[in-house]
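I have placed the structure first, in the form of structure tokens, so that the comments after it can refer back to it.
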2 protein chains.
Amino acid sequence: MNSPNPNSPQPDPTSVPPAVVHRLSLYLRELRHRIADGNETTSSSQLGRRLGFTDAQVRKDLAHFGQFGHPGIGYRCNELVDAIRKILGTDREWRVALVGVGNLGRALLGYRGFYQQGFRLAAAFDADPEKVGTKIEGVEIFAIEDLAEVMSTHKIELGLVAVPASEAQAVTDQLVAAGVGGIVNFAPVTVTVPEGVSKVGVDLARELEQVTFAVANRQREQPET
Amino acid sequence: MNSPNPNSPQPDPTSVPPAVVHRLSLYLRELRHRIADGNETTSSSQLGRRLGFTDAQVRKDLAHFGQFGHPGIGYRCNELVDAIRKILGTDREWRVALVGVGNLGRALLGYRGFYQQGFRLAAAFDADPEKVGTKIEGVEIFAIEDLAEVMSTHKIELGLVAVPASEAQAVTDQLVAAGVGGIVNFAPVTVTVPEGVSKVGVDLARELEQVTFAVANRQREQPET
DNA sequence: CATTGTGAACTTATTCACAGCC
DNA sequence: GGCTGTGAATAAGTTCACAATG
């Protein structure tokens, strides 16, 4: 191990466990906070302690992708941030569309965290003709019928699905047909996507259920996924 | 195995892996959809196929908590829904408070899925004096200074943290001091809670990062956590 | 001398496969 | 025949522990 050479392991990324990717983005977030606090370097044990993992876990996770540390020193925050962004693919901007401008959809349009991480909400869609043609948070709202065309002209790569459960699969199908690479589904239903399209589900009530289970069973705090 | 007897295994719930609890709430959601579609029963293989797991996985997960199935028949949907709700602790109402009535906070106040699953948003808090005293979606907004008192008079058990990252730890501490059993943290920072309090983190940008990783590395669809 | 990266040991989770049942 | 529950087998993930290093 000498000067960081991210080209050493570089394994088949298909074999990286999803849990590792989850933690990676947690490391990224924590590194940014450390930088904001004026730190130049950090270590696997520091990162681990802060996040509820062991130091070995942090190192093993990173080892999937290369060598980023400096023995005796730890990790240089900026260096590691850049490396993780590259791994996650967030070292560039991504154009994102939202479908469903309800309560949650509006919140997503206004969420500044997306912008800060390089996600550009370039278009929104809604079935309500009243909303079509208006702008919310500077994002124009289009009719669902125009989805394919707008997606193409705006070069959208990712979709956020924030429609009622009953509409989620149909909307997902349309996004996929329009060539989206992945979606985040906020509807409380499991949608299916073809192979080669990726998918993450966020269900707010389900998150609360994880807490009620723990409270009802008086468990101890879980590390953050 | 005969008539379901949920009292057989009934193991130390502390030993149940978090991943099992995640899937449990997915089973619950899917069961409800099946009931809504008019089905009386389902099977581990049907549930599994729909959700992207094996049938054995579904059965093993349930086996942590008892015996709920009927050989040759499968699971009676209503029966299993009741059992899972009991396990998750959602067989009763939970009183929930929201801290931070910004974009996301307002969306959470208006989210009907919470109500449907038995979560009652009984109070909201915000630092902005303009908002204090008003109501959004029928929920009254209080000053953060009054948090402890309001939490107690409204018998709040769970908290939703939807404040900026810089405030999240302080708010969490106040909720914990007010006796909350668990929190869902929407701020993009890892907060710490004492043992005995449970915590779930939801970071919208992180969810998108899981997708960009998959797209950037052309992976295949992941089963839903 | 603090800290990484990593093989080996261990632990946990998933799948297999089949007896028992409807 | 179809399906559950479960012990045994397998696979995956985590931690240990230590040689290598700036």
Side-chain angles (χ1 to χ4, degrees), chain A residues 1-12 14-24 26-27 31 39-49 51-77 79-80 83 222-223 225, chain B residues 1-12 14-24 26-27 31 39-49 51-77 79-80 83 222-223 225:
Chain A
M1 161 197 355
N2 38 43
S3 185
N5 168 14
N7 302 339
S8 313
Q10 194 73 6
D12 178 6
T14 319
S15 69
V16 176
V20 172
V21 185
H22 274 93
R23 288 193 295 265
L24 227 46
L26 230 34
Y27 301 153
L31 284 162
N39 300 284
E40 290 250 305
T41 66
T42 188
S43 65
S44 55
S45 55
Q46 190 170 59
L47 236 29
R49 185 163 357 98
L51 262 20
F53 310 124
T54 64
D55 55 341
Q57 174 95 79
V58 175
R59 296 198 298 275
K60 259 291 187 339
D61 283 348
L62 294 172
H64 279 98
F65 305 99
Q67 306 192 147
F68 309 104
H70 305 270
I73 304 296
Y75 301 90
R76 293 203 237 285
C77 296
E79 220 170 76
L80 191 50
Q222 306 114 329
T225 301
Chain B
M1 161 197 353
N2 36 44
S3 184
N5 168 15
N7 302 341
S8 314
Q10 193 75 4
D12 178 6
T14 320
S15 69
V16 176
V20 172
V21 186
H22 273 93
R23 287 192 298 262
L24 227 46
L26 229 37
Y27 300 154
L31 283 162
N39 299 284
E40 290 250 304
T41 67
T42 187
S43 66
S44 57
S45 55
Q46 190 170 58
L47 236 29
R49 186 164 357 99
L51 263 19
F53 309 126
T54 64
D55 55 340
Q57 174 95 79
V58 175
R59 295 196 300 274
K60 259 286 176 7
D61 283 348
L62 295 172
H64 278 99
F65 305 98
Q67 307 192 146
F68 308 103
H70 304 269
I73 304 297
Y75 302 90
R76 294 204 237 284
C77 296
E79 220 169 76
L80 190 51
Q222 305 115 331
T225 300

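Letters go in sequence order (proteins before strands), and every chain restarts at 1.
- A search for side-chain hydrogen bond (donor to acceptor under 3.5 Å, both in side chains) contacts involving S43(B) returns S45(B), not counting sequence neighbours.
- Atom CG of L47(B) and atom P of dC3(D) are 13 Å apart (whole Å).
- Of all non-hydrogen atoms in H64(A) and V20(A), the two that sit nearest each other are CE1-CG2, 3.8 Å.
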Every protein N/O lying under 3.5 Å from an N/O of nucleotides 15-18 of chain C:
residue : atom : partner : partner atom : Å
dT15(C) : OP2  : T54(B)  : OG1          : 3.0
dT15(C) : O4   : K60(B)  : NZ           : 3.0
dA17(C) : N6   : R59(B)  : NH2          : 3.3

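- Within 4.0 Å of S44(A), counting heavy atoms only, lie sugar-phosphate atoms of the nucleic acid but no base atom.
- Distance CG (L62(A)) to C1' (dT4(C)): 11 Å, rounded to an integer number of Å.
- dT12(C) atom P lies 17 Å from atom CG of D61(B), rounded to whole Å.
- Of the side-chain N and O atoms in Q67(A), one or more sit less than 4.0 angstrom from OP1 or OP2 of dT6(C).
- For dA13(C), the OP1/OP2 oxygens have no side-chain nitrogen or oxygen of R23(B) closer than 4.0 Å.
- DNA chain D is contacted by both D55(A) and G72(B); G72(B) maps to the nucleotide lying nearer its 5′ end (nearest heavy atom per residue).
- At the phosphate of dG2(D), neither OP1 nor OP2 sits under 4.0 Å from any side-chain N or O atom of Y75(B).
- F53(B) is listed as a side-chain neighbour of L26(B), based on a closest heavy-atom distance under 4.5 Å.
- Here Y27(B) pairs with D61(B) under the side-chain hydrogen bond (donor to acceptor under 3.5 Å, both in side chains) rule; sequence neighbours left out.
- In this structure, CG in L62(A) is found 11.0 Å from CD in Q67(A), a value given to the nearest 0.5 Å.
- Atom-to-atom, NE2 of H22(A) to P of dA12(D) comes out at 19 Å; the value is rounded to the nearest Å.
- Here dT4(C) presents its C1' atom at 13 Å from CD of E79(A), a figure rounded to the nearest Å.
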